[in-house]
Structure formats: C-alpha cells, structure tokens
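Beneath this line is the structure, given in structure tokens, with notes to follow.
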Number of protein chains: 2
Amino acid sequence: MTLHPFDAAMALQPQPDGSFAGTTSADYWNMLGPYGGITAAVALQSVMQHPDRLGEPIALTVNYAAPMAAGAFEARAVAVRTNRSTQHWTVTLSQRDEQGVPQVGTTATVVTAVRRDTWSASDAQMPAAPAPQTLPRAIRPGKKVAWLDRYEIRSISGGLPSRWDGQGEHSLSELWMRDDPPRPLDFSALAALADLFFPRIWLRRATLVPVGTVSMTVYFHANAAQLAESGTGYLLGQARGQGFRHGFFDHSGLLWNAQGVLLASTHQIVYYKQ
Amino acid sequence: MTLHPFDAAMALQPQPDGSFAGTTSADYWNMLGPYGGITAAVALQSVMQHPDRLGEPIALTVNYAAPMAAGAFEARAVAVRTNRSTQHWTVTLSQRDEQGVPQVGTTATVVTAVRRDTWSASDAQMPAAPAPQTLPRAIRPGKKVAWLDRYEIRSISGGLPSRWDGQGEHSLSELWMRDDPPRPLDFSALAALADLFFPRIWLRRATLVPVGTVSMTVYFHANAAQLAESGTGYLLGQARGQGFRHGFFDHSGLLWNAQGVLLASTHQIVYYKQ
C-alpha cells in the first residue's frame with residue numbers, strides 16, 4: 001500500500017528532546033517553498049501527534065515568517081497552559097542555517113479542547129451550488145507547481161479571470177475542493193484545505209501580482225466524527241477579500257462538507273506587491 | 001493633566017532582561033479578570049514599545065489561556081524573525097503563582113511591517129447608519145463591571161435582546177463605539193475596540209449563557225496617519241456569528257472610522273456553556 005502524499009508530508013519523527021523531525025515534501029512544493037497549507041498542516045500535526053495533547057483542535061494561527069528550504073525541519077510544540085478542558089500550544093518550525101544554527105521560519109498557536117454536546121447553530125449557510133462533477137477542473141496560471149496536482153478544485157463562481165486585463169470587480173469565490181488522490185478528511189488535511197483559495201487580489205484586480213500569505217487562522221467547528229463523516233467527499237469553500245491597502249489584503253472564508261455542515265472558518269492576511 | 005485610563009493601562013516599564021512590567025487596570029476590570037480587549041492591547045503594546053520594532057502592526061492574534069489576576073504581570077515580546085520589511089513577534093503575558101513561579105496566562109503573535117503605497121480597495125463597505133448622536137447609549141445586562149464605563153456604545157442594529165426569551169434569530173450587530181472619555185485612536189486602542197462586540201450567542205439565542213473568548217485575531221488595514229485622522233471619532237463596528245457548536249462559536253467582524261475607511265477586520269472564537 002502506497003502512503004498518500006499528504007500522510008508522507010505529515011510524517012513527524014519524535015525526538016528525545018520532545019520535538020519532531022520532519023522533511024519538506026516535494027509533492028506539495030510551491031515556487032519558493034512548501035505550499036502554505038501544508039506548512040499549516042505540519043504545525044497542527046505537531047500538536048496532534050504530541051503525547052500530552054488534550055482534546056481536538058479549536059483554533060490554529062500560523063505565521064509565515066520565512067519560506068522553508070527543501071529538506072529537514074524541526075517542529076516543536078509546547079503546551080503552554082493546560083486547563084480542565086482546554087489547552088494552549090505554541091509551535092515553531094525551524095531549519096538550520098549554514099552555520100548549523102536553528103532559525104525559526106514559522107510560528108503558530110493552537111488551542112485544543114474537549115468538545116461537549118451543546119446547543120448548536122450555523123449562521124453561515126452553505127450556498128447553493130451545482131454538483132462538482134458538472135464543473136470543469138480549475139487550472140492555475142503561471143509556472144506549474146507540484147502542490148496544485150495534490151488538489152482537485154472545481155470553481156463554482158469567482159474563478160480565475162479569463163482575461164488578465166486589470167478589470168476585476170469583486171473578490172468573492174466559491175469552489176469545490178478535495179485532496180487528489182482523495183483521502184479521508186482529518187484536522188490537518190482540513191487546515192491545509194483552508195489555504196486553498198487563490199489570492200483574492202488576482203480576482204479583484206484581474207492582475208497577477210506577487211503575493212505571500214503572512215498569517216492564517218483556522219477555527220474548527222467540527223469534531224473528528226463529523227470530519228470522518230465527510231469522508232473523501234468534496235468540501236465547498238467560499239472566500240471574500242475585505243481590505244486591500246499598503247501591500248496587504250485579508251480574506252474571510254468558510255468551508256462546508258458536501259452535506260452542508262460548516263467544518264471551519266478561516267481568515268488570512270497576505271502580502272502583495274504594487 | 002490626568003492620564004487617560006487607557007494610557008494608564010498601557011503603562012509598561014522596561015526591565016533589564018528586555019521584558020516589561022505592567023499592572024492590571026481596575027478601570028478595565030471585567031468579572032473574573034481584565035476585559036479581553038485590554039489584554040489584547042497590552043500584548044500589542046509590548047511590541048509597540050519594543051526598541052527593536054520594525055514598522056506598524058499588520059496582524060495580532062491573542063490566545064486567552066487563563067484569566068489574569070489583579071496585580072502585576074510581565075509582558076515579554078520577542079522578535080522571532082526580522083525580514084527586510086516584515087517582523088514576526090511572539091508575546092507572552094505572565095503572572096507569578098503562589099510559589100513565585102511565572103505562569104503564562106496569555107500568548108500572542110504579532111506581525112509588523114513597513115507599509116508602502118500600493119493599489120488599494122475595500123470590498124467591505126461600511127453600512128449606512130444613523131448618526132451616533134441620534135441613537136441611545138447601550139446598556140449591558142447582568143452585574144455591572146468597570147470596563148463597560150470605558151466605552152461608549154450606540155447600537156445601530158442587532159443590539160442586546162429586549163427580552164431574554166430564547167427566541168433569537170440571527171447574530172448580526174452594527175454599532176457605533178468609542179473610548180470614554182474620548183481618546184485619539186492608535187493601534188493598541190483599536191485592538192481593544194475590536195473585542196467590543198457582545199457575545200454573538202447572547203443575540204443568537206436571546207439567552208444569557210456564560211462565555212469567554214479563547215482566541216482573537218485582528219488584521220490592521222490602516223496606517224498611523226489614518227488612525228490619527230480618525231481622531232476621537234466614533235468607529236462603526238459590524239460582527240456576525242458563523243458557527244456555534246460543541247461549546248464554541250466564532251464571529252467575523254469589521255471596524256470602519258466615521259469617514260468610512262476600513263481600519264481593521266477581526267475574528268474570534270469564544271467558549272460558551274450549554
């Protein structure tokens with residue numbers, strides 16, 4: 001049985017000092033480093049694999065301080081505070097520089113908690129959409145990068161501009177998404193999928209400008225059972241840009257499973273040039 | 001001249017080891033600890049005051065790991081990575097336990113950056129609203145707490161339920177807000193204002209349930225000059241709940257100045273009981 005590329009990317013080896021050793025994945029390579037979603041997933045995975053973990057992920061914030069180089073990295077998750085039913089983690093991903101000194105490239109915070117049955121509601125309803133199989137698979141512009149082959153994306157609305165003519169009018173996109181090859185959903189995979197929205201500024205301006213995510217947050221609204229029920233099905237993602245100014249824009253996004261259950265909300269702020 | 005209570009709460013004394021010493025503010029006291037917004041502001045302030053700071057805040061995430069006790073605390077801001085135009089910070093707020101051992105109660109991450117003039121747009125337009133002076137000042141239910149006197153809130157729509165009858169229907173609120181007494185806006189004050197939305201679940205359920213913010217993120221869309229132009233004027237805040245499940249709900253919010261400039265977007269995930 002072949003390991004799924006996502007599981008290979010999540011393989012973290014426990015070290016005697018409590019950290020984990022990992023290796024960047026060529027399967028999820030972007031232009032200058034790993035796909036940001038896979039870095040977020042690795043940060044979360046270092047908590048998921050930690051022997052001291054209490055409960056399931058509630059919140060994840062990842063700060064992309066520097067691109068990771070291809071090769072070995074160290075993931076260090078520290079349980080800063082453990083309460084009765086919640087736990088607060090700080091995470092760093094580091095790589096050694098030419099002098100062998102560890103340099104932090106990514107910081108993250110994770111909150112885990114024991115989920116309990118409570119009153120529940122969703123004020124963010126999944127939009128109506130045609131079935132994914134009726135929509136063509138989306139293709140990204142520019143240089144071909146490996147990680148795009150790891151996701152099946154079918155645009156519902158607000159897809160990439162057909163003409164890059166600087167005449168964009170809005171920044172709202174809706175799309176179906178899933179791992180390629182399909183893989184049963186779990187928290188780390190969901191964190192990676194939350195970074196799948198192409199940069200809002202490309203749509204808003206119909207112009208390809210250089211971009212890089214600076215910080216991303218994911219709030220998890222589902223438990224492990226609900227993720228398991230999502231199976232290998234498509235998720236519906238929706239994202240909209242909010243403010244674009246001084247070289248940074250943000251977006252706010254939502255992800256539902258095909259049954260219409262809100263699985264996560266996500267936000268990110270992204271650097272752009274010009 | 002009397003120091004504004006907010007400035008008194010932000011007073012951080014540099015220590016020889018690079019940390020800052022602060023004291024919790026009775027003026028911003030909530031039921032079991034400081035108002036969450038003031039804690040967020042203190043975390044940001046420890047970066048704003050740091051001699052190594054590069055640029056202005058872009059992103060702030062605050063994780064509320066434990067309530068702070070009244071009294072002294074230590075704020076420690078570390079520049080984990082400094083790039084050419086961006087800088088990544090980790091922050092902890094700690095207090096000593098009965099054995100004198102520092103215990104982290106709050107973790108935060110901050111990204112600062114040099115803002116440059118670029119193409120800009122706002123896809124989050126300020127909603128139309130009556131002038132703040134035409135609206136009554138909002139009053140919160142329950143036990144009176146000090147921090148509510150530090151803010152002037154005038155509800156535009158989605159105010160607190162007039163009847164707590166369990167018949168809530170939505171979670172969207174729009175309100176005018178400013179410091180009381182009025183104070184010229186800066187980044188730390190904006191961070192504090194971003195936590196001003198009353199818990200969405202109170203509106204959604206028309207039921208008062210115990211709540212506590214677990215994690216909050218603020219993205220800053222304005223530079224210092226735009227904050228200064230906001231002066232002591234009202235900000236318009238808008239927030240909407242998204243998912244409510246298993247004891248946690250999130251909201252997504254936006255803050256504009258009275259001139260309609262988007263100053264910040266904010267998100268938080270909140271614990272609720274039952």
Side-chain angles (χ1 to χ4, degrees), chain A residues 58-59 61 63 65-66 80-81 83 85-86 88 90 92 103-105 107-109 111 113 115-124 170-172 200-201 204-205 207 209 214-215 217 219 221-223 240-250 252 254 262 264-265 267 269 271-274, chain B residues 58-59 61 63 65-66 80-81 83 85-86 88 90 92 103-105 107-109 111 113 115-124 170-172 200-201 204-205 207 209 214-215 217 219 221-223 240-250 252 254 262 264-265 267 269 271-274:
Chain A
I58 300 294
T61 293
N63 301 291
V80 174
R81 186 105 184 191
N83 300 315
S85 61
T86 61
H88 285 257
T90 58
T92 52
Q103 301 289 343
V104 175
T107 68
T109 58
V111 183
R115 286 189 155 88
R116 297 157 295 107
D117 278 336
T118 59
W119 178 90
S120 71
S122 179
D123 279 7
H170 70 93
S171 62
L172 174 65
R200 304 292 83 203
I201 197 163
R204 185 63 181 81
R205 293 176 68 178
T207 304
V209 295
V214 172
S215 184
T217 289
Y219 297 147
H221 290 295
N223 61 16
R240 187 197 303 262
Q242 302 193 123
F244 305 74
R245 204 183 298 153
H246 302 140
F248 296 91
F249 73 86
D250 72 328
S252 182
L254 297 160
L262 180 66
S265 54
H267 319 284
I269 189 151
Y271 161 84
Y272 65 93
K273 196 167 178 180
Q274 293 149 8
Chain B
I58 300 294
T61 293
N63 302 290
V80 174
R81 186 106 186 190
N83 300 315
S85 61
T86 61
H88 285 256
T90 58
T92 52
Q103 301 288 344
V104 174
T107 68
T109 57
V111 182
R115 287 190 155 88
R116 297 157 295 105
D117 279 336
T118 59
W119 178 90
S120 72
S122 179
D123 279 6
H170 70 92
S171 62
L172 173 65
R200 303 292 84 204
I201 197 163
R204 185 63 181 79
R205 293 175 67 179
T207 305
V209 296
V214 171
S215 185
T217 289
Y219 297 148
H221 290 294
N223 62 15
R240 187 197 302 263
Q242 302 194 125
F244 305 75
R245 204 183 298 153
H246 301 139
F248 296 91
F249 74 85
D250 72 330
S252 182
L254 297 160
L262 180 66
S265 54
H267 319 285
I269 190 152
Y271 161 84
Y272 64 93
K273 196 166 177 179
Q274 292 149 8

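Letters go in sequence order (proteins before strands), and every chain restarts at 1. Hydrogens, waters and symmetry mates play no part in the numbers below; they use all other heavy atoms, side chains included.
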Between [options], which shows the greatest number of heavy-atom pairs under 4.5 Å with chain B?
options: T109(A), D117(A), T207(A), T92(A); value: T109(A)
options: Q274(A), R240(A), R116(A); value: R116(A)
options: F244(A), F249(A), F248(A); value: F244(A)
options: T86(A), V209(A), V80(A); value: V80(A)
options: L262(A), D250(A), V104(A); value: D250(A)

So, using ring pair (Phe, Tyr, Trp, His ring centres under 6.0 Å) as the criterion, who are the partners of H267(B) when residues are at least two apart? H267(A), Y219(B)
Proximal component of [X], with respect to chain B [non-hydrogen, under 4.5 Å]:
X: T217(A); result: both
X: A121(A); result: both
X: T90(A); result: side chain
X: A108(A); result: neither
X: T61(A); result: side chain
X: H246(A); result: both

Using heavy-atom distances under 4.5 Å, tell me whether [X] contacts chain A through its side chain, its backbone, both, or neither.
X: A264(B); value: neither
X: N83(B); value: side chain
X: L254(B); value: side chain
X: V111(B); value: side chain

Report the option among S122(B), A65(B), A124(B) that has the most heavy-atom pairs separated by less than 4.5 Å from atoms of chain A. A65(B)
Name the option with the most non-hydrogen atom pairs under 4.5 Å to chain A; the candidates are Q103(B), R205(B), R204(B). R205(B)
Heavy-atom pair with the smallest gap, counting every atom of [X] and [Y]:
X: A59(A); Y: I269(B); answer: CB-CG2, 4.1 Å
X: G243(B); Y: H221(A); answer: O-CE1, 3.5 Å
X: N63(B); Y: H88(A); answer: CB-ND1, 3.6 Å
X: A66(B); Y: R81(A); answer: CB-CZ, 3.3 Å

Heavy-atom side-chain proximity of I201(B) to W119(A) below 4.5 angstrom: yes
Heavy-atom distance under 4.5 Å between the side chains of R115(B) and R245(A), does that happen here? no
I'd like to know if the side chain of D123(A) reaches the main chain of H170(B), judged simply by a donor and an acceptor atom lying under 3.5 Å from each other, with no hydrogens or angles considered. no
Just how far is it from atom OG of S252(A) to atom CD of Q242(B), taken to the nearest 0.5 Å? 5.0 Å
Might you work through the side chain to side chain donor-acceptor pair (under 3.5 Å) test for Y272(B) and T118(A), ending with a clear yes or no? CA-CA 9 Å; Y272(B) 64 93; T118(A) 59; 3.1 Å; yes
